[in-house]
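Okay, so here's the structure we're looking at.
Atoms considered below: every heavy atom in the structure, side chains included; atoms not considered: hydrogens, waters and symmetry mates. Keep in mind the model is a prediction, meaning the values are calculated, not measured. Each chain gets a letter, A, B and so on, in the order its sequence line appears, and its residues count up from 1.
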Amino acid sequence: MAQEALQRKKVHDSGEILDHLLNLDDQKRLIQTQVEQNQATLNARAKAIGTAVQQGQHEHAVELKSEVAQIKQENASLENRLHELQEAIQNQLLRLPNLPHASVPHGHGPAENEVVFLSDPSAESTHRELPHWEIAQQYKLIDFELGVKVTGAGFPVYLGAGARLQRALIQYFLDFNVAAGYTEIQPPILVNEDSGFGTGQLPDKEGQMYYVTEDRLYLAPTAEVPVTNLYRDRLLQENELPVLNTAYTPCFRREAGSYGKDVRGLNRLHQFDKVEIVQIVHPDHSYSVLEKMRDHVQSLVASLGMPFRILKLCGGDMGFASALTYDFEIWSAGQGRWLEISSVSNFESFQTNRLKLRFKDSQTGRTRLAHSLNGSALALPRVLAALLEFYTDSKGIKIPAVLQPYMQTDFIPKP
RNA sequence: GGUGAGAUGGGUGAGUGGCUGAAACCAACAGUUUGCUAAACUGUCGUACGGGAAACUGUACCGAGGGUUCGAAUCCCUCUCUCACCGCCA
């Protein structure tokens with residue numbers, strides 16, 4: 001069953017890996033039993049020596065000591081082997097992706113994703129003259145060249161109304177999330193190695209993250225990492241669930257090896273802004289919560305008034321840690337293509353297992369792993385791209401109604 | 001960067017070699033009692049892994065890793081982190 005599920009996530013040698021794991025586990029158990037039996041004997045002997053010495057039976061004590069020495073020696077090599085096996089199992093396990101939910105479509109890539117919502121059947125026939133990078137230049141909203149000078153490609157500089165538009169989007173998104181019950185968080189943007197493992201970026205995405213060698217810290221690729229890790233090593237009471245957090249952070253991605261028109265303008269950046277929502281919930285409710293998060297993001301995207309669609313990702317296109325993912329794509333009217341602006345996922349216990357994030361089940365009294373979910377609400381650059389393309393006409397840029405209070409205007413006239 | 005102190009269960013916090021998986025208190029849970037709430041009383045109450053159908057039982061864990069010892073939360077070494085004071089600084 002696990003093998004079939006793994007194959008859906010494009011783990012081709014899943015059979016081998018699982019056989020190997022099961023084999024390792026059998027060996028481990030066998031040796032663990034032996035080691036523990038020996039240790040039980042040692043513990044008993046230690047006690048016996050104690051009483052023997054107290055009662056002045058020194059010869060008996062000496063006898064016992066030599067016996068202990070022998071068992072210890074025997075156990076040393078067994079323990080070494082046990083540690084080796086445990087490490088091997090851990091390494092294998094860390095490299096195994098989360099299993100997809102039963103409803104996840106089969107498939108290898110974007111072509112097999114399932115469109116589950118389309119805001120407007122004629123979306124793809126919506127065309128505008130200019131791509132956003134030309135609008136941004138004309139209106140002096142973004143200067144890509146300046147960013148290259150200061151840092152490098154993929155680090156745009158937002159200017160004037162462009163900068164204000166960024167701030168308006170961030171604030172609107174945060175306010176929208178807070179109104180839905182999310183608590184706003186301002187987390188650190190640099191995270192340590194443990195946090196990277198906690199949410200599953202490590203070891204899977206080593207090399208995708210910027211790394212500060214001097215202090216051994218990673219630049220967060222998404223607020224998901226610091227915000228979810230807030231709850232690492234926590235044992236929550238059941239009544240503390242669900243946890244709803246939202247956070248705005250810049251996000252940093254190295255994204256090596258990408259080039260061409262797919263990455264022009266705001267399509268793909270090394271630094272970008274994103275407002276994230278994170279929930280930590282009772283495992284029995286995580287899928288109904290996922291649907292609620294999907295609805296929440298849907299109404300947020302819809303409020304911007306542009307064509308968009310929702311995809312249920314197929315196994316091959318899903319992330320390492322996810323069990324079920326909905327992607328939101330907005331129509332880029334100037335480029336004639338869909339752009340991903342949000343990804344909403346249920347990670348089930350994949351992250352919480354690594355995080356040791358548990359709660360006390362009030363019915364059974366047992367500790368159980370919570371489930372974690374997150375989603376973008378929303379990622380800025382492609383929203384801005386689509387917005388500029390969709391709302392610009394020969395006279396200027398119309399500001400969508402929901403952003404007008406933050407922009408303090410409804411229109412940016414053509415210069 | 002310098003100096004000093006520290007790291008124990010959900011929390012506070014005792015514990016300097018065997019009687020400590022760990023006192024006490026708080027929180028939590030179950031029950032008793034008073035009409036509800038509150039209070040009081042009684043009891044339960046760490047985690048992981050192994051064995052067992054289960055009752056239960058074995059092992060490990062007192063920041064992490066090593067060492068001394070028959071025996072380590074307790075002694076020694078290394079590392080990490082936290083706190084305080086000083087220096088520097090938005």
**Study point:** Presence of A:R29 side-chain N/O under 4.0 Å of B:G51 phosphate oxygens OP1/OP2
**Key:** yes
Review point. Which letter, B, S or -, goes with each nucleotide of nucleotides 74-83 of chain B from 5' to 3', with contact meaning a protein heavy atom under 4.0 Å?
Key: ----------
Practice item. Round to a whole Å and report the spacing from CZ of A:F359 to P of B:A28. Key: 18 Å
Check your understanding: Which whole-number value in Å describes the distance from A:L357 CG to B:U47 P?
Key -> 15 Å
**Study point:** Set of residues satisfying side-chain contact (heavy atoms from CB on, under 4.5 Å) with respect to A:E240, sequence neighbours excluded
**Key:** A:R234, A:L236, A:Q237
Practice item. Give the ring-plane orientation class for A:Y210 versus A:H270, where under 30° counts as parallel, over 60° as perpendicular and anything between as tilted. Key: perpendicular
Exercise for review: Sorted by first residue and then second, give each ring-ring contact (aromatic ring centres under 6.0 Å, His included) pair with at least one member in residues 70-107 of chain A; sequence neighbours left out.
Suggested key: A:H101-A:Y287
Practice item. Before giving the answer on side-chain hydrogen bond (donor to acceptor under 3.5 Å, both in side chains), spell out for A:Y231 and A:N245 the whole-Å C-alpha distance, their side-chain angles and the decisive distance to 0.1 Å. Key: CA-CA 11 Å; A:Y231 300 89; A:N245 287 154; 2.9 Å; yes
Point to revise | Stretch residues 348-355 of chain A: residues that reach within less than 4.0 Å of RNA chain B through a heavy atom | key: none
Set out, line by line, the N/O atom pairs under 3.5 Å between protein and nucleotides 52-58 of chain B.
{"from": "B:G58", "atom 1": "N2", "to": "A:E36", "atom 2": "OE1", "distance (Å)": "2.9"}
{"from": "B:G58", "atom 1": "N2", "to": "A:E36", "atom 2": "OE2", "distance (Å)": "3.4"}

Exercise for review: Using a 4.5 Å cut-off on heavy atoms from C-beta on, say whether the side chain of A:K312 contacts that of A:P105.
Suggested key: yes
Practice item. Could you give me the CA-CA distance, side-chain angles and deciding distance for A:S322 and A:N98, then say whether side-chain hydrogen bond (donor to acceptor under 3.5 Å, both in side chains) is met? Key: CA-CA 6 Å; A:S322 174; A:N98 199 358; over 6 Å; no
Pairs: protein N or O with nucleotides 70-72 of chain B N or O, under 3.5 Å:
{"from": "B:C70", "atom 1": "O2", "to": "A:A46", "atom 2": "O", "distance (Å)": "3.4"}
{"from": "B:G71", "atom 1": "OP1", "to": "A:K72", "atom 2": "NZ", "distance (Å)": "2.6"}

Revision key, fill the gap. Residues passing the side-chain contact (heavy atoms from CB on, under 4.5 Å) test with A:K72, sequence neighbours excluded, are A:L42, A:V68
Exercise for review: Compute both the distance and the angle, then confirm whether A:R354 meets the cation-pi test with A:F350: under 6.0 Å from the six-membered ring centre, within 45 degrees of the axis.
Suggested key: yes
Which side-chain N or O atoms in residues 58-67 of chain A pair as donor and acceptor under 3.5 Å with protein atoms at least two apart or in another chain?
{"from": "A:S66", "atom 1": "OG", "to": "A:E63", "atom 2": "O", "distance (Å)": "2.9"}
{"from": "A:E67", "atom 1": "OE2", "to": "A:R45", "atom 2": "NE", "distance (Å)": "3.0"}
{"from": "A:E67", "atom 1": "OE2", "to": "A:R45", "atom 2": "NH2", "distance (Å)": "3.1"}

Check your understanding: B:U59 phosphate, OP1 or OP2: any side-chain N/O from A:T41 under 4.0 angstrom?
Key -> no
Review point. Of all of residues 183-203 of chain A, which get a heavy atom below 4.0 angstrom from RNA chain B, listed by number?
Key: none
Sequence neighbours left out, cut at 3.5 Å: what donor-acceptor pairs do the side chains of residues 145-153 of chain A make with other protein atoms?
none

Point to revise | Cation-pi, A:Y211 ring and A:R216 (6.0 angstrom, 45 degrees) | key: no
Review point. How close or far is atom P of B:G11 from atom CG of A:D233, stated in whole angstroms?
Key: 11 Å
Check your understanding: How long is the line joining CD1 of A:I89 and C1' of B:C49, in whole Å?
Key -> 11 Å
Exercise for review: Could you provide the dot-bracket string of RNA chain B, using ( ) for intrastrand pairs, [ ] for crossing pairs and | for bases paired to another strand, with Watson-Crick or G-U pairs below 3.5 Å?
Suggested key: ((((((((.[[[..)..(.....]]].(((((.......))))).((((((....)))))).[[[[[..)....]]]]])))))))....
Point to revise | Close side-chain approach of A:L300 and A:F173, heavy atoms under 4.5 Å | key: yes
Point to revise | Atom-to-atom span, CG of A:L78 to P of B:G50 - whole angstrom | key: 18 Å
Show me the donor-acceptor pairs, under 3.5 Å and distance only, between side chains in residues 134-142 of chain A and residues at least two apart or in other chains.
none

Exercise for review: Look at all strands and tell whether A:R358 reaches a base, only sugar-phosphate, or nothing, counting heavy atoms closer than 4.0 Å.
Suggested key: sugar-phosphate
